[in-house]
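The structure appears below as structure tokens.
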Amino acid sequence: MAPETRYDFAAIEKKWQERWLAGKSFKVTADPGKKKYYLLEMFPYPSGRIHMGHVRNYTIGDVVARFKRMKGLNVLHPMGWDAFGLPAENAAIKNNTHPAVWTYDNIAYMKKQLQRMGFSYDWDRELATCDPSYYRWEQLFFIRMYEKELVYQKKTTVNWCGTCQTVLANEQVIDGACWRCDNLVTPREMNGWFFKITDYAEELLAECDRLTGWPEKVLTMQRNWIGKSVGAEIDFPVAGGGTLRIFTTRPDTIFGATFMSIAPEHPLVAALSRGTGQEQAVAEFAEKTRLERQRRKPDEEGEKEGVFTGGFCRNPFTGEELPVYVANFVLVEYGTGAVMAVPAHDQRDFEFARKYGLPVKVVVQPPAGGLSPAAMEKAYDGPGVLVDSGPFSGMASEEAKKAITAAAGQQGFGTARTTYRLRDWGISRQRFWGAPIPMLYCERCGVQPVPEADLPVVLPTDVQLDQSGKSPLPNLESFRKTTCPVCGGEARRETDTMDTFVESSWYFARYTCPDCTDAPFSRPAVDYWLPVDQYIGGVEHAILHLLYSRFFTKVLRDLGWLPVDEPFRNLLTQGMVIKDGSKMSKSKGNVVDPNELVERYGADTVRLFSLFAAPPERDLEWSDQGVEGAYRFLTRVHRFVTANLELVRGATAAVPADLDDTGRALHRKVHQAIRKVGDDLDGKFHFNTAISSVMELVNALTSIVGDSAGGRVVPAVLREAVEAVLLLLSPMVPHFCEELWELTGHAEPLSQAAWPAYDPEAAREEEVTVVVQVNGKVRGRISVPPDTDEDRVKEMALADEKAAKFMEGKPVRKVIVVKNKLVNIVV
RNA sequence: GCGAGAGUGGCGGAACUGGUAGACGCACUGGACUUAGGAUCCAGCCCACUCCGGUGGAUGGGGGUUCAACUCCCCCCUCUCGCACCA
């Protein structure tokens, strides 16, 4: 026996990382002759250092990348930096530098950290979104979208975050607060640029059904966010002239409308109340509602309240006069900002009617019938048959929806209409550290795009941010002043920058050809590599980033640059890393620093534990003792392999046919493990069970051979087993396996090795244990060769002594035989 | 309230299309080796009872289907996440 060598993870990891890097081991090129696999993990924001969430995300990705490579696929596995963003500005102010300095320092540091983890990226494709060579294409997209009217400018009430000094998109407002700094947002009137994502609402929604590789949870969130509703718009004539347009999904209930509700901000509010004596009450109510909405916690619904405007509308079908109320639950931004109130068939209207003593009129009777206004305790919003609805009485509600909408159309006061909850994407940010919006303003010619030849509009490097946190661009003459491309006169540049979600909406496509200089994408590259086969990241991006990326993919497709409809074929959302029951955070003091762990145990141990402790989509509870256990396992394997080096090296590769029992058992275990690990990794991502089956193999190996080797098993089988362990483990703990692979006499690195094939014959059990049950309870066990004839097994079971005790004297009613599993005797 | 997911030993988690519940690991207990052990190795480890052969119970709770249920159906409870007056 050779003396074992210590597991010197630090030296091993350094050695292999250097080799991989120097040898560009993971560089890929498009090769139409090979099947591709594009594996992508969400790129990080260069905040300073990586955290355990990154470690977990990227470890999962790396295992898949390495596994697919071993399976012979041409794997694209890139990494880059989501490098624009507010923290860089804050840091620049604090340290008196340029945001770029902080950003690139962080990138350099974090890149080292990732390399220390041994992730197999093609670093030649690295990109940073703050680089003009990247965002210049984004500016081009903007201009092309502007030409196609997919970008427009409008003045709107926006969500303003006073702390960040910027506008936020609806999606970036969480519980009424800024998603980044948690401060309450305030409304503010501003002119901003919008992407017309609503033009794609229908396609974005419809294609959710075809994203079969996405978690249902994420698709549900996206569908809800898009929020399609089919209904009708109907004009109600206002008593003093004009019309009030409403949107409803229940045109079938229009005969049951007893009043109207409009949003406090609705433009007609003033006109409706004028001269009725209600002006003041209405104004006061509007103000009160505004304040309340701001103050209210998002999870409380609040009492439904309203005030009579003094005005009336006429139901275009019945001619009835309906009072118009301003109501706090009607949203100006949805539909038309006004609704017809049908208390009998809408819960909100019902509550409102009861509160203000307004009439309730039943127009849809449920199948069971018997609905009467006086007896109702809540609205009935299900289907039924129409009553008291003029010519439509007797119709089923679904049919009536169509008929009433059609009738409204014919008579010129209504039309079928589909609305979405999804709003256009406001992308203007009053920030410095973002991609400049390539537009300019000329006094004579108006708003003009920057000519393509003048791109990129580069963010100046010679600025100093001041304490206020405001963007320096509006006051920077050298940036702001420009000439109009149309008239040649003086013009002013747009000084807003783009939302950083824009950069992350197309980076995955740029990775296919990051060096392309004459176009955003090389056609052959995107044709070959897209779509991403597997995308991996946190579920916190389930709406924002993923929806925007889908939108951008469709836009870039329609602009002729991309060949796909959807960016990500399969999506894996990994769970959070938690400690002591809650998410790691500085404030809770439960943060685990990857650096310390790598220092202490090595990257392989950290990788192994984060894969073993939980299935990827579930939260992972960090356990120091668990890490210790992972380390112990590696040490054990290391000790075993190094102690048996001579034997393994000297063995033949071919396993002899005439093995003894021990040899056959180990040989079988090897092939079973190969099968199991392959199954677990391939598409299922069950890393935890994959590891446990390798552990079982190692347990079998050490219990048969012991640390001190010797002649208890033929060397060829020992060699096969050791190699299997290294091959199977290599996607997960790559440095460790490379080193032992080399030590066991392989000249070619493991990173070039193929995934082992398993021999079904060898993996087959020689004996299976068949359980003997009596009335469903396990009473005995018998051992038989697999696939033994059912009658034979039945016979043996009936003869089983232990089982016999439980069926004494009772007649056997029925015997169920499940092949290779059990026999159940019913007495 | 609506939607999605989840509830299995002290803990993280296994269990294929209904077929031996608790793989693998952690923690714990006993032993071996030892100057020492927080290293390593061996053994034990769901609960209760036990004549140490076993017997009974157990996958959030309650019902049901079935020869057989963690798995399927119905009702209920708890937790996590998302949405939340969207007409």
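It should be emphasised that the depicted structure is a prediction, and the values quoted were computed from it without experimental measurement. Chain letters run A, B, ... following the sequence lines, proteins first and then strands; every chain starts at 1.
Comparing A/Gly776 and A/Thr248 by the nucleotide of RNA chain B that holds the closest heavy atom to each, the one mapping nearer the 5' end is A/Gly776. Positionally, the nearest nucleotide of RNA chain B for A/Val771 lies more toward the 5' end than for the other of A/Val771 and A/Ala630.
Nucleic acid contact class of A/Val694 (heavy atoms, under 4.0 Å, all strands): none. Among the protein residues, A/Gly629 comes within range of the sugar-phosphate backbone only, with heavy atoms under 4.0 Å from sugar or phosphate atoms but none that close to a base. Among the heavy atoms of the strands lying under 4.0 Å from A/Thr249 are primed sugar atoms or P, OP1, OP2 only; no base atom is included. Counting any heavy atom pair closer than 4.0 Å across all strands shown, A/Asp679 reaches no nucleic acid atom. Counting non-hydrogen atoms under 4.0 angstrom, A/Gln773 reaches a base of the nucleic acid. Among the protein residues, A/Pro615 comes within range of the sugar-phosphate backbone only, with heavy atoms under 4.0 Å from sugar or phosphate atoms but none that close to a base.
With B/A68, B/C85, B/A23 as the choices, the nucleotide that has an atom nearest any side-chain atom of A/Asn328 turns out to be B/C85. For A/Glu696, the listed nucleotide lying nearest its side chain is B/A23; candidates were B/A4, B/A23, B/C67. Side-chain proximity of A/Ala614 to the nucleotides B/G13, B/G82, B/G19 is greatest for B/G13. Checked against B/G57, B/A27, B/A87, the side chain of A/Gln625 finds its nearest nucleotide in B/A27. Distances from the side chain of A/Ser692 to the nucleotides B/C41, B/C24, B/C67 place B/C24 closest. Of the listed nucleotides (B/A87, B/G13, B/G3), B/G3 has the atom at the smallest distance from the side chain of A/Thr220. Checking B/A87, B/C85, B/C67 against the side-chain heavy atoms of A/Ile816 singles out B/C67 as nearest. Side-chain atoms of A/Val826 lie closest to B/C67 of the nucleotides B/C67, B/G13, B/C24. Set against B/G19, B/G13, B/A87, the side chain of A/Lys821 has B/G19 as its closest nucleotide. Of the candidates B/A15, B/A87, B/C67, B/A15 carries the atom nearest the A/Thr689 side chain, counting heavy atoms from C-beta on.
A/Tyr380 meets the ring-ring contact (aromatic ring centres under 6.0 Å, His included) test with no other residue; sequence neighbours excluded. Every residue two or more places apart in sequence or in another chain that forms a ring-ring contact (aromatic ring centres under 6.0 Å, His included) with A/Phe329 is listed here: A/Phe352.
To the nearest angstrom, P of B/G54 lies 12 Å from CZ of A/Arg779. Between A/Tyr420 atom OH and B/C86 atom P there is a gap of 18 Å when expressed in whole angstrom units. Atom CZ in A/Arg639 sits roughly 6 Å away from atom C1' in B/U40 (whole-Å rounding). The distance between atom CZ of A/Phe259 and atom C1' of B/A87, rounded to the nearest whole Å, is 12 Å. Atom CD1 in A/Ile543 sits roughly 12 Å away from atom C1' in B/G3 (whole-Å rounding). Put simply, CD on A/Glu621 is 15 Å from P on B/A27, counting in whole angstrom units. Rounded to an integer number of Å, the gap from A/Met221 CE to B/C81 C1' is 8 Å. Atom CZ in A/Phe612 sits about 4 Å away from atom C1' in B/G25, given to the nearest Å.
A distance-only check finds no donor-acceptor pair linking the side chain of A/Asn688 to the backbone of A/Phe612 [under 3.5 Å].
Rounded to a whole angstrom, the distance from the P atom of B/A48 to that of B/G31 is 22 Å. Spacing of P atoms, B/G60 relative to B/G13, comes out at 15 Å, to the nearest Å. B/C76 and B/G56 have their C1' atoms separated by 28 Å, given to the nearest Å. For the P atoms, the distance from B/A43 to B/U55 is 25 Å, rounded to whole Å. A distance of about 30 Å separates the P atoms of B/C28 and B/U80, rounded to the whole Å. Between the P atoms of B/A58 and B/A21, the separation comes to 12 Å (whole Å). Rounded to whole Å, the separation between the C1' atoms of B/G22 and B/U34 comes to 36 Å. Using atom C1' as the reference point in both B/C49 and B/G38, the two lie 38 Å apart (nearest Å).
Looking only at atom types and distance, the side chain of A/Thr309 has no donor-acceptor partner in the side chain of A/Tyr325 under 3.5 Å away.
Contact annotation: A/Asn699 side-chain N/O to B/G25 OP1/OP2 distance is under 4.0 Å. Close to B/C24, at under 4.0 Å from its OP1 or OP2, lies no side-chain N or O of A/Arg632. Considering only side-chain N and O atoms, A/Arg348 lies under 4.0 angstrom from the phosphate OP1 or OP2 of B/C86. Here A/Asn688 does not reach the OP1 or OP2 of B/C24: none of its side-chain N or O atoms lies under 4.0 Å away. In this structure, A/Lys228 does not reach the B/A87 phosphate: none of its side-chain N or O atoms is under 4.0 Å from OP1 or OP2.
When the shell of 6.0 Å around NZ of A/Lys684 is examined, it contains more than 12 heavy atoms from other residues, nucleotides or ligands.
Taking 90° from 0 as the syn/anti boundary, the base of B/G30 is oriented anti. Base orientation at B/G9 is syn, since its O4'-C1' glycosidic dihedral falls within 90° of 0.
Using bins of under 30°, 30° to 60° and over 60° for the plane-to-plane angle, the ring pair A/Trp425/A/Tyr548 lands in the parallel bin. Using a 30° and 60° split on the angle between ring planes, A/Phe736 and A/His638 fall in the tilted class, from 30° to 60°.
Checked for salt-bridge contact, A/Glu398 and A/Lys401 meet the test: a charged N lies under 4.0 Å from a carboxylate O.
Here A/Tyr758 and A/His671 keep their ring centres 6.0 angstrom or further from each other. Between A/Phe9 and A/Tyr601, the ring center distance fails the sub-6.0 Å criterion.
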Under the side chain to side chain contact (heavy atoms under 4.5 Å, CB included) criterion, do A/Arg421 and A/Trp225 qualify, and how do the steps go? CA-CA 7 Å; A/Arg421 207 183 79 114; A/Trp225 192 264; 2.9 Å; yes

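For B/U20, its base sits under 3.5 Å from the side chain of A/Arg781 at one donor and acceptor pair at least. A donor N or O paired with an acceptor N or O is not found under 3.5 Å between the base of B/C83 and the side-chain atoms of A/Asn224. No N or O donor and acceptor, one from the side chain of A/Lys814 and one from the base of B/C67, sit under 3.5 Å apart.
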Dot-bracket notation for RNA chain B, counting Watson-Crick and G-U pairs under 3.5 Å, with | for partners on another strand: (((((((..(((......[....))).(((((.......))))).((((....))))..(((((..]....))))))))))))....

